[in-house]
Structures are given as structure tokens and as C-alpha cells.
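Single-structure report; data block below.
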Amino acid sequence: MTAQALVEAFFDPATRTVTYVVVDKATAHAAIIDPVLDYHPQSGRTSTESSDRVLSYVKLQGLQVDWILETHAHADHLSGAQYLKQHLGGKIAIGENIRKVQSVFKTVFNMERCFIPDGSQFDHLFRDGESFAIGGLRAQALLVPGHTPADMAYQIGDAVFVGDTLFMPDVGTARADFPGGDAHQLYRSIRKLLALPADTRMFMCHDYPPATRAVAWESTVAAQQAHNVHVHDGVGEAEFVAMRHARDKGLELPSLIIPSIQVNMRAGHLPPAEDDGVRYLKVPINVLGTATTGSAR
Ligand SMILES: [Fe+2]
């Protein structure tokens, strides 16, 4: 029988991100997935309320953190990985294709010469299919590109953490129009996830619920196969790609994409301080997106 992971979820209403703590009850070892560092764009200040909720839980439960896992370089929130590592330990890991994302955005942000786009800012880079352990729980990293080239899903015991591939069945799927994104790849990645055992618990990275229901983040492979509005069983690749292209055309960039990418491609480190001791984020003018407005999905 597949081991049951204990999953505790922490929802950040500001960015609609769900951070997970995944626990092996037998050994009290744990992994943290997609932690958030709060960022206030009006003041350029960071704060740690979101990560502190995770930190308190881990301390209260007496957990040993083995891993801090990123599903991808997020464009909608800054990562709390460095803050949590500093307090709890654990190895910060992401998919090895982060190098591709770093290469693209090193140019976009004209980053310092000494920033090398080789993934070395992270403690570990996962290959597709690589196995790892959380205490006694067996886990596997699954490459699921399409939203970005570096997206990984993490299958842990009887659960899978899907990152930005699928959303809840009534919301659908993630956009595929970021640099290096590809709707064809996203479709194939989703089919790979939907080929997991039907009763696999699926945990989303975000929720954007319709007005008729509360925020939710847990589904199953069977429920997604039957009910996902974009990609239920029977929807073919061509149909999906046409839908995704049409939909992505109307989406504005996420409001925190510019600060998020600069921090998250550094594994959650802020940029180095300048000669006045202050860290700065850059805004490339007339480089990203278009001057339209719309929703950010
Ligand atoms: Fe994302």
C-alpha cells in the first residue's frame, strides 16, 4: 500500500498561493512546498507573516525539515525558501530546467556578471523521475513543463503536488504564455499527471474560486479526469492548445512578476546589496508584456 503523507496547507490570500508542509508521521520528517515571502510593492518592503505561520507549525509539531521544494520559479509571489531554511534547515530544490529560466531572465534583468545561470544558487536540482525521501516517505520529482520550462510536480506517498499545471476542476489549467512556456507541452504534462492512480490526492499551488464556492486546493486524479473544465478526459491536444492560446491572449502579467522572478531565480535570495548597503530590484521599461489590462491567469 502507498504510504499516506500528512499534508498541512497554508493559504496566502494576497497571492492566492498554497504552501504545503508534507509530513512523514512515522519519523516526523517533513518537506515544505512553495513557501511565500510577503512583499509590499507600495513600499518595497518584505515581511514574513506567511512563512511564520509555516515556521510555527513546524516548530510546534517538532518536525525535521529535509526539503524546501519549489514547483517552479513563481511569477506571482516571492519565495520564502531562504527565510525558512535559515530557521529550519532543509535543502532548497527545484527542477534542473531552472537553468533555462535563469538564462532568459538574466538577460531580461541585465543581472550582475557574477550571476551564473547554472542552478548553483539552489541546494539541489531534480532530474525528471528522480527519487528522494522525506523520512520514510518515498517521493519522486516529475518534470511537467509547459507553464514554464522548469515546472516539476512532486509525488509523495499517495499525494501529488502539481504546481502550476492544473487548478481545481472548475477553474482549469495554468497559462502557458510565459517565456519558454508551451501549451502543447503543458497538455502532455497534464496527461502525465492524469495517468497517475485514480485515487491519488492532487494538491494545487493556487486557487481562484468562482464567487459560488470557498477557496479549495485538494482534488483527485479521478475528479480532474472527469470534471476539469479545460482538460477532462476526451479533450484532445489541439482543442486544448487552441483554448489555451485564446485565453492567454487576454491575460495581463501577474502584478508581482517583476520582483518575483528576480528573487525566485536566485533561490529566494534578494539581489546583492549595492555600495550603499541597500538591495534593489530592477524594472525593465517596455520589455515585458504589453500595455493592456486584464486578469492575471
Ligand atoms: Fe506559476
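All ligand and atom numbering here is 1-based and tracks the order in the structure. Here the structure is a predicted model, which means the values were calculated and not measured. Heavy-atom basis, side chains included; hydrogens, waters and symmetry copies ignored.
For the side chain to side chain contact (heavy atoms under 4.5 Å, CB included) test with M243, the passing option among V231, T173, V229 is T173; the others fail. Each of D76, T19, V36 was evaluated against D12; a single residue qualifies, V36, per the side chain to side chain contact (heavy atoms under 4.5 Å, CB included) test.
No donor-acceptor contact under 3.5 angstrom links the side chains of N264 and S260, judged on distance only.
Summary: NE2 is the N/O/S atom of H72 found nearest to the Fe ion (ligand 1).
The Fe ion (ligand 1) has an N, O or S atom of D164 closer than 2.8 Å. Within the coordination shell of the Fe ion (ligand 1), defined by N, O or S atoms under 2.8 Å, H206 is absent. The Fe ion (ligand 1) has an N, O or S atom of H147 inside 2.8 Å of it.
By the 30° and 60° cut-offs, the orientation of the rings of W217 relative to F11 is parallel.
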